[in-house]
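Order of the sequence lines fixes the chain letters, A, B, ..., with proteins taken first and strands second; residue numbering starts at 1 for each chain. Only a predicted model underlies this, so the values are computations on that prediction, with no experimental measurement involved.
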Amino acid sequence: AGPKDKDEGAKGTPHKGGTLTILNTEAQTDFDPARLYTSGGGNVPSLVFRTLTTRNRANGAAGSKVVPDLATDLGTPSKNATVWTYTLKKGIKYEDGSPITSADIKYGIERSFAAELSGGAPYLRDWLVGGAGYPGPYKDKKGLDSIETPDARTIVFHLNKPEGEFPFLATQTQFTPVPRSKDDGTKYENHPLSSGPYRVISNENDGEHLVLERNRYWSAANDTQRKSYPDRIDVRSGLDSAVINQRLSASQGTDAAAVTTDTNLGPAELAKISGDKSLAARVGTGHFGYTNYLAFNPKVKPFDNPKVREAIAYAIDRSSVINAVGGTSLAEPATTFLPNQEAFGYTPYDPFPAGKSGNPKKAREVLAEAGYKHGITLTLTHANQDPEAGPEIATAVQDALKKAGITVKLRGLEINQYRDAYKDVKAEPGFFLARWGADWPSGGPFLAPIFDGRQVVKDGANFNHAQLDDPAVNKEIDAINKLTDLNAAAKRWGALDKRISAQALDVPLFHPVYKRLYGKDVKNIVISNWTGVLDVSQVAVK
Amino acid sequence: MSTLTLRRRPLVLRRLPGLQGLGGFLLRRMVSAVATLLAITVIVYAVFYIVPGNVAQITCGERCSPAQVHQVAAQLHLDDPVYQRYWDFLRGIVAGRSFSTGTSIEHCAAPCLGLSYRSDQQVTELITAKLPVTGSLALGSLVIYLLLGVGTGLLAAWRRGRVSERLLTGLTLAGTATPVFVIGLLLMIVVCGQLQWLPFPQYVPLTEDPEQWAWNLLLPWTSLALIEAAKYARVTRAAILETLAEDHVRTFRAYGLSERSVLGRHALRGALAPVIALAANDFGSMFGGAVLTETLFGLPGIGQALVSAVNVADLPVVVGMVLVTGFFVVLANLVADVLYAVADRRVVLV
Amino acid sequence: MSLVEVHGLTVEYDTTRAVDDLSFSLNKGAALGLVGESGSGKSTVAAALLGLHRGTGARVTGSLLVAGTDVQRATDEELRGLRGARAAMVFQDPLSSLDPYYAVGNQIAEVYRRHTRAGRRAARERALQVLDQVGIPDAARRARMRPHEFSGGMRQRALIAMAMACEPELLIADEPTTALDVTVQAQILDLLHSLREDTGMGLLLVTHDVGVAAESVDDVLVMRSGRAVERGPINTVLRTPAESYTRELLGAVPRVDAPTAPRAAITGDALLTATGLRRDFGRGRRSVTAVDGVSLTLHRGETLGIVGESGSGKTTLGRMLVGLLGPTAGTLAHGAERPRVQMVFQDPVASLNPRRSIGESIADPLRAQGEREGARLRARVGDLLQRVGLDPAHYDRYPHEFSGGQRQRVGIARALAPSPDLIVCDEPVSSLDVTTQAQVIALLAEIQQDLGLALVFIAHDLAVVRQVSDRVAVMKEGSVVEYGTVEEVYGAPRDPYTQRLLAAVPTLDPVVATERRTARRALTPTW
Amino acid sequence: MSEALLPTGPVADELQPLPASGGRQFLRRLRSQPATLVAAGIVVLLIVVALAAPLLTALEGQDPTTYHPHLVDSARGGVPVGPLGGISAEHWLGVEPQTGRDLFARLVYGARVSLGVAFAATFVQLVIGLAVGLGAGLGSGWLDQILSRITDIIIALPLMIMALAVLAIVPPSFPRPVLVAVIIGLIAWGSTAKIVRAHTITLKQLDHVAAARLSGWNTWHIARRELLPALAAPVITYGALLIPLNITVEAALSFLGVGVKPPTPSWGQMITSANVWYQAAPQYLLFPAGALFVTVLSMTVFGDGIRTALDPRAASRLRIGTGRRREAKA
Ligand SMILES: Nc1ncnc2c1ncn2[C@@H]1O[C@H](COP(=O)(O)OP(=O)(O)OP(=O)(O)O)[C@@H](O)[C@H]1O
Ligand SMILES: Nc1ncnc2c1ncn2[C@@H]1O[C@H](COP(=O)(O)OP(=O)(O)OP(=O)(O)O)[C@@H](O)[C@H]1O
Ligand SMILES: [Mg+2]
Ligand SMILES: [Mg+2]
């Protein structure tokens, strides 16, 4: 049946009301603002938790911008961007009607340091003065001196180094206000106090089934970002991804008003959808700052030889790797480490051109230069069960390198073992599959953890896989961090990326593309480049 | 000896109604069940102790600093020697334990199986939340595959050796030869997606809405049943053929009973014992073994929770759930033995 | 008009012709005895009358008219209408012929409903009625019991009750008393007799025991190797047999009152001495004392007979003597050397591995003794087979291809094979016809002479025990109630139970049999 | 156990071949069942195909691991180009979606792994199950107690979870198919042991076992000569069921990411990944699923046949008193 009126379909006018169903694979575990590790405040979490700043809810590149949320602006830097001051909006309230104060934001940040509430991002620990050794408010009642709350609406952060991107950090849920009187430690996640448009009605089995309903005390007047059309939001998880896509494509009953925040269309489904116009119209496409790459540990032979790394870079067949993850509609070939978005300072380059499907001839030559005329045998470490670092990609790499005379042996590890191995400088494999996603759309959280020499962690989780400690690189990172002009910073991140790439410390493979199906009653689709997926705070189901 | 012995001594008048001595039997079985379960916890502790993976790091999060990881390890007592941790676990079962939520002390009453590393929920609570799901799945599918399996087994025995039997066998075996995630997904695509006869399964508690409960579980039940039925068909068929060779079957043939009642009443009855034993085993293992079905149909049951707990090295949950599934296996076998004695009065519970 | 009209019946199994061109007829209300040696095809004839061979691979030719049905041409449905309704069969082995899972009454009711379209309640009432008719006391309660709760005799009765349920015109009873001791046997035979008088049905009694036939039938048909040897009124055949084979058969029947050849005094040394043997089964409240305080001594070269009613502990005692069962209390001492013991098992079906040829089974103990050479084994086994009256060529046959009596002989051959010091024979001849029985007994005696072995001879046939034993023990409820030499026990029985046993022995003289029956009927049955 | 064992004489116990006549009879009974013969033929064919996988693929001119990116449509999720999933003279059964690897080559190589794993796992299960079941059934009280408790524990441990754990412990260099087979075998023998024990207890009370004891044979000989042949029927029936179960267990382990590792193909793995493709590229699912089905069916029919042929009574017992249709043939 054709559309009955023009309000039908994704393009129709959004209305308030109805229930939005979210069908997910992964449970929304740890629904505690201290424990969540989100980019830009997360999708479902940001319906309940407001933060000092938040991501701009807009389509495409505009969505990569950071905008004020609880705060009146993006913050005032001082002392060379080592001190950041925020003022809260007036009239903001919790779900119980009590006012939100700056002390609550301070407390919310402090409790994220508690061992009981582990899980968040590392930036607060690294940036705040005294953050590294602070055990959280349960053990240390004094609190963090580096966060000041001179009055109920003002909050001041003292950083131990210049950080021009602090407004980005302030989007994370750790910046959600939590009143000390309501804090019940690990139990808080069951009924966290809402500052956003929805409050938690029930949270079954650690986020397996979440029901959210309107928060009466939230007001659109002081929240320009969240639309909150539906009355009720029902998050169901633990579903199989194929089933989620089947349900969304069948789109019957409550599934007509359903979306998913974590499940991509698979290749087989894409193959089917490509022949079905009405279905294809219900697919949202998004880009998230993310790169999948081959990582080297130059401390391990023969990867200490740059020529070997280059040869691999020449030999790689990006189209079969892309096929392995679902073809050109689910991945774009990557030659740069930074994602191909302006916000990251994307600067195109291709130091070791491999073309679409590899340049085995050139690879052989380089390999010969490296002293391996008759080929070489390498071991590629990957995870056994992981769509992004799993055997599918590994075997595609294996097959591509075969043509260049490189025999690849696969070493598949169980996921925990794999993670332990590649993050441990002592056990790090020489050659493995890796990926990096942005904590916010900027080069900083992309390049610093991977190439900053001071971030090589010797006795814990290390992400600087090349263990690169190049004073010039370190210096440039520090310099860019000082900039509060984010556009200027982006350009310099791009340039730094290109400079590092000459060393062939990694081989970028692809940037994933998100293709997500949504139900036939879902309207007002907004997909920003920040998250790459449709924003649940914007959709309407009526 | 805590098992069953079928006495085959003829010419004997035995005035031993099958269920005599049930009390003593249950007591003996209880003791051995406790020992079995204890052994299971030791094995699981030992195995998951050796499994690679830095539990503290996994629990803390990818980008936790070494200092934080140490804090978490201390918090979870991961630095204690393994026997100490096991001892605490045992004590918790008997006497309960206390845990800090950060702001207060939470008491976990006996039998306390500890707290999940991952979600800080009490494992006992977690299990109580998931048990009804798995229980519904196991029970419902048991009924269907017993009916389906025993039915086809009977039919196969009746048509034995003929083309129709081969076809029937082939059909049921097709179920066995297909992994559950294939059958389940295909059924879902066709029945829920294309024909729209049933809703996509979504667990509705029995206490909430019995009708919806059944409708939503129908597909998972059927998928499991299609897979299990073949086994029962085979076992039933074999047992029936075995019984058909016995003298009392000849008696009823010689008294003009039709092949149908000979098979359906007399031969089938003899086949009950192996079917009961098999069903008990399957029913029990369904509690820990329906991983794939639960995953596919998004039923938040024990199996699914177990696998994800294994993936995040959440030892208390793993041990707790294995213990509970083990308990059900043991229980199911016990029930089977009693049923067996009820079904066949000659059996003496020892 | 005749009830059964058999003409030119031939039944062939895979390799054997079990019945060969047999013709006979049976009139309404008459009783025909089918006697003959073991393996002569009696059971096969019985089965053929009901068309039980249909579909089993056996080839049946000739014409069979039973109660108006042409068995050979009838459809399956017609055949089912005949079976149980107009012609009912009581099988050779009563013990396994009832379904262990259902209450006895229900099984009878089921058969009744099958043929009468009676309601559930009516069928149950009929079941109680027939159970009562066959003399099951307290039928209402017993009907709810399962077969294993019945004694052997009661089960046999239950089977007869099932046969009676539809008031058939013909009752086929295949060795209805083989497995029973004499007192119960007498009761069953009396029962058959009175049923026949009361209902006027025809009876085909299959038996190898001429004595049993003498008590119960009007006419007799003597079979041998599938063929009829002689047929006539029972009186005539028994008194003036026309055929030499019949004479042989009759001559071999052991008699309780016949003079026995004086046996040599026991001179051998003590092989085994049992003192206070006791055996309990089960524990706690459910325990059963099968054997209670039995003391006896076995000498080399002697034969100890053990008689007693079913369930009195004979088998249990025997198994303890050979060491298959450990005694709960008491001791079992032996001389300087541990005697080598063997056993002939009561149940010939279970005592042979169904998956091994009988030759292999017999060779087994020889192998255990270290004999490995194939040809020698075969020769030795062939010799043994011949001695027990079987064809050495049957080496490669499987147990199920033999008749009941033949299997029992295989068991004897196996026990003899390793030349043991002691053989416990548990009902070794109970399903053998008299001629074979005589052969086997002679064989045992001969071997006993040759090797000086000791025998324990468990049997319910008092005449046979008398014939072979030096001393006799009479068992009742686990204890030995009478123990002494044959002369003492048979000549002057002291225990009332022994006296009752002796009174129940069937006689070959139909006239005497009738007298005895009337005498017995005066007493209340004591089952 | 109440039955006392007689002292065993000084008897050497050697392996003896099945009497020739018994073997011949077995073959004769086997030959008289055409369905069994067909099934046996298929089983043999499957084994030959698995063994000759390199040869067959060489004949086709393909191998199971080479990618053919040009044979799949990258824009449409990597669905094979061409009719029927890319079936052509070069690719007899078409190619795998996404990778373009040759499906025929993967199918025949997959047979190696799937059949190998299933047979080996079943073998381990049956051997352990028989040993433990016989030991418990025949052993004295305490041995039975110990073995039965161990069996209980094994049954109560969830297979998947233990497999996940154990597979994570063993270093990745250990050959996966062997590991998977051994693990399935080692974890899942419980029900076999229970079945064997129950049968053993019933069987050992039979008089022919007692007779063997009186003959002076030791327990081992009795187990082998008197009990094993009788156990063969249930064990073979169960074993024929275990093989498909084990193939699907391997598939399930693949589903959970701990099965046989890529690029090694296995049927279970192929079916697992083909699952979602059934609409876009049905042949990808149909070929391995069909192969598995044929295997399972022929194994079962074959198992039935062997079981029947092993039992000398079978010929006469199977068809007691059923309709006359059969008689004509007999
Ligand atoms: N199923 C069978 N297959 C092959 N031969 C058989 C079968 N049943 C019986 N026979 C053979 O047929 C012959 C007659 O057997 P039948 O059972 O009728 O004897 P019987 O007279 O009843 O003997 P008994 O008194 O020992 O019971 C025997 O030689 C026996 O070996
Ligand atoms: N394995 C057993 N378990 C329990 N009770 C048994 C067992 N074997 C024998 N009995 C009991 O012991 C008693 C004696 O049995 P036994 O078999 O020795 O009798 P029998 O004299 O040989 O009888 P029959 O003449 O019927 O063979 C019976 O009451 C029987 O119930
Ligand atoms: Mg007979
Ligand atoms: Mg006895």
Notebook entry, point to check: Is there a donor-acceptor contact under 3.5 Å from the side chain of A/Thr263 to the main chain of A/Asn24?
Noted result: no
Margin query: At a 4.5 Å cut-off on heavy atoms, which part of A/Lys402 comes close to chain D: side chain, backbone, both, or neither?
Written below: side chain
Item checked: chain A contact via D/Val72 - which portion, at a heavy-atom distance below 4.5 Å -> side chain
Checklist line | From A/Asn323 atom CG to D/Tyr67 atom OH, the distance as rounded to the nearest 0.5 Å | finding: 9.5 Å
Check: Most heavy-atom pairs under 4.5 angstrom with chain D, which of A/Leu270, A/Val325, A/Leu413, A/Thr395?
Finding: A/Thr395
Note to self: With a 4.5 angstrom heavy-atom cut-off, is it the side chain or the backbone of A/Ala324 that approaches chain D, or both, or neither?
What the structure shows: backbone
Next item on the list: Find the one option among A/Gly390, A/Ala271, A/Gly327 whose heavy-atom pairs under 4.5 Å with chain D are most numerous.
Entry: A/Ala271
Margin query: Before you tell me yes or no, could you show the steps for D/Arg106 and D/Leu93 under side-chain contact (heavy atoms from CB on, under 4.5 Å), namely the whole-Å CA-CA distance, both residues' side-chain angles and the distance that decides it to 0.1 Å?
Written below: CA-CA 10 Å; D/Arg106 291 188 72 72; D/Leu93 299 181; over 6 Å; no
Checklist line | Contact leader toward chain A among D/Val79, D/Thr65, D/Thr66, where contacts are heavy-atom pairs under 4.5 Å | finding: D/Thr66
Note to self: As an exercise: rank D/Pro171, D/Pro263, D/Ala281, D/Gly78 by heavy-atom pairs under 4.5 Å with chain A and give me the winner.
What the structure shows: D/Pro263
Notebook entry, point to check: In Å, rounded to the nearest 0.5 Å, how long is the span from CG of D/Leu297 to CG of D/Leu292?
Noted result: 11.0 Å
Checklist line | Side chain / backbone / both / neither for A/Asn245 at chain D, heavy atoms under 4.5 Å | finding: neither
Note to self: Is the distance between the ring centroids of D/Phe123 and D/Phe119 under 6.0 Å?
What the structure shows: no
Notebook entry, point to check: Rounded to the nearest 0.5 Å, how far apart are CZ of A/Arg516 and CG of A/Asn264?
Noted result: 4.5 Å
Item checked: Segment of A/Glu392 engaging chain D (4.5 angstrom heavy-atom cut-off) -> backbone
Check: Out of D/Ala168, D/Ser74, D/Gly100, D/Gly77, which one racks up the most heavy-atom pairs below 4.5 Å with chain A?
Finding: D/Ser74
Checklist line | Gap between atom CG of D/Leu103 and atom OH of D/Tyr284 - 0.5 Å precision | finding: 7.0 Å
Notebook entry, point to check: Which bit of A/Leu410 is near chain D, if near means a heavy-atom gap under 4.5 Å: side chain, backbone, both or neither?
Noted result: side chain
Margin query: Nearest 0.5 angstrom please: D/Glu60 CD to D/Glu90 CD, how far?
Written below: 9.0 Å
